[in-house]
Amino acid sequence: DHVLKYRTAPTVAEIVKLLVTEAEGNKRRDRTVKDLRMRLEQFVKTFGDRQLASITREELAAWLNDPTLGARSRINYAVKASQLYNFAIRNQWAEYNIAASLPRPTAEDAEPEIFTAEQAARLLEHAAEYDLLPYVAIGLFAGLRSAELLRLDWSAVKLAERSIIIGAAVAKKRSRRVVEINDTLAAWLPSCAKRKGMVVELPDQRTLY
């Protein structure tokens, strides 16, 4: 009865396309949309021509328990699958979110690594060879996250005012903050600073994630 109720619903492939389009329309960050699309494309490869309501709990569990994936990746896939089910429920294309009912593995968070002074010096020494001196220097001495650095424009780096403006569009939590340029960073930035443009330019669409 459950399957027959939703027999006229769009296929999984069609729902995924609509969900990604909605995410883009809601101005989700490029990285967020890219991750959503990539993970759900894998879902489509297995279930794309079926209705979401026809997928059994056992089938979904088997898909999520891919032995080639680590615990963190399996959790991420489960989150996106759950997001897909919730989207379908809102549009009356499914009744239950079976992805939310499945147990998820425990991912052990690794201890953060701390560079020694020698390691930091080596990074700075070679960063300019790869046009990454601003990335390394600001990351080391101002503590910006990698994702924030990849969204940061030089217009936000105020050398004269000794500050970096982390706008809502750049910050991880979409909350504006101001970071001080300390003496060490102030000594490194003049050699690589620009008036405009992205702080980190990625040739050939390479990423640093």
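Predicted model only: the values in this text are computed from it and were never measured.
- In this structure, the side chains of V12 and W93 stay at 4.5 Å or more apart for every pair of heavy atoms.
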Can you list, pair by pair, the side-chain donor-acceptor contacts under 3.5 Å of residues 36-50, counting residues two or more places apart and other chains?
unit_1, atom_1, unit_2, atom_2, d
R37, NH2, E24, OE2, 2.7
R39, NE, D35, OD1, 2.8
R39, NE, D35, OD2, 3.3
R39, NH2, D35, OD1, 3.4
T46, OG1, W63, NE1, 3.4
R50, NE, S54, OG, 3.3
R50, NH1, E59, OE1, 3.4
R50, NH1, E59, OE2, 2.9
R50, NH2, S54, O, 2.8
R50, NH2, E59, OE1, 2.9

Salt bridge (charged side-chain N to carboxylate O under 4.0 Å, His left out) between E148 and R145: does it pass, once the steps are laid out? CA-CA 5 Å; E148 292 175 336; R145 301 176 177 89; 3.0 Å; yes
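- Both V199 and L124 belong to a common hydrophobic cluster when Ile, Leu, Val, Met, Phe, Trp and Tyr are linked at side-chain heavy-atom distances under 4.5 angstrom.
- The shortest side-chain heavy-atom distance between I138 and L149 falls under the 4.5 Å cut-off.
- Counting only distance, with no hydrogens or angles, the side chain of N182 and the backbone of T184 share a donor-acceptor pair below 3.5 Å.
- When the side chains of ILVMFWY residues are joined at heavy-atom separations under 4.5 Å, either directly or via intervening members, Y96 and L19 end up in a single hydrophobic cluster.
- Residues L102 and I98 have side chains not in contact (no heavy-atom distance under 4.5 Å, counting atoms from C-beta outward).
- In this structure, I165 is not a member of the same hydrophobic cluster as F141, with clusters built from ILVMFWY side-chain heavy atoms closer than 4.5 Å.
- Side-chain atoms of W154 and M198, non-hydrogen and from C-beta on, never get closer than 4.5 Å to each other.
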Solution key, residues 73-82 side-chain donor-acceptor pairs under 3.5 Å, sequence neighbours excluded:
unit_1, atom_1, unit_2, atom_2, d
R74, NH2, N65, OD1, 3.2
N76, ND2, R72, O, 3.4
S82, OG, N97, ND2, 2.9

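- Scanning all heavy atoms of the two residues, the minimum distance from S101 to R57 falls at O-NH2, 3.0 Å.
- Around atom CZ of R122, no more than 12 heavy atoms belonging to other residues, nucleotides or ligands sit under 6.0 Å away.
- Listed here is the closest heavy atom pair of A88 and L52: CB-CD2, 3.6 Å.
- For Q51 against P10, the heavy-atom pair with the smallest separation is CG-O, 3.9 Å.
- Transitive grouping of hydrophobic side chains (ILVMFWY, heavy atoms separated by less than 4.5 Å) brings F115 and L132 into a common cluster.
- If you take CG on L133 and CG on L123, they are separated by 10.5 Å, rounding to the nearest 0.5 Å.
- Between I164 and the options V178, L159, L185, a side-chain contact (heavy atoms from CB on, under 4.5 Å) holds for only L185.
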Show me the side-chain donor-acceptor pairs of residues 188-196 shorter than 3.5 Å, one per line, residues at least two apart or across chains.
unit_1, atom_1, unit_2, atom_2, d
S191, OG, W188, O, 2.9

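- Residues F87 and I15 have side chains in contact (heavy-atom distance under 4.5 Å, counting atoms from C-beta outward).
- Heavy-atom minimum distance, E129 versus E125: OE2-O, 4.3 Å.
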Given L69 and L64, is the side-chain contact (heavy atoms from CB on, under 4.5 Å) satisfied, shown in steps? CA-CA 9 Å; L69 298 176; L64 289 172; over 6 Å; no
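- Side-chain N or O atoms of T32 include none that pairs as donor or acceptor with a backbone N or O of R28 at under 3.5 Å.
- Residue R31 holds its CZ atom at 8.0 Å from CG of L150, rounded to the nearest 0.5 Å.
- Residue-environment remark: CG (N26) exceeds the threshold of 12 foreign heavy atoms within 6.0 Å.
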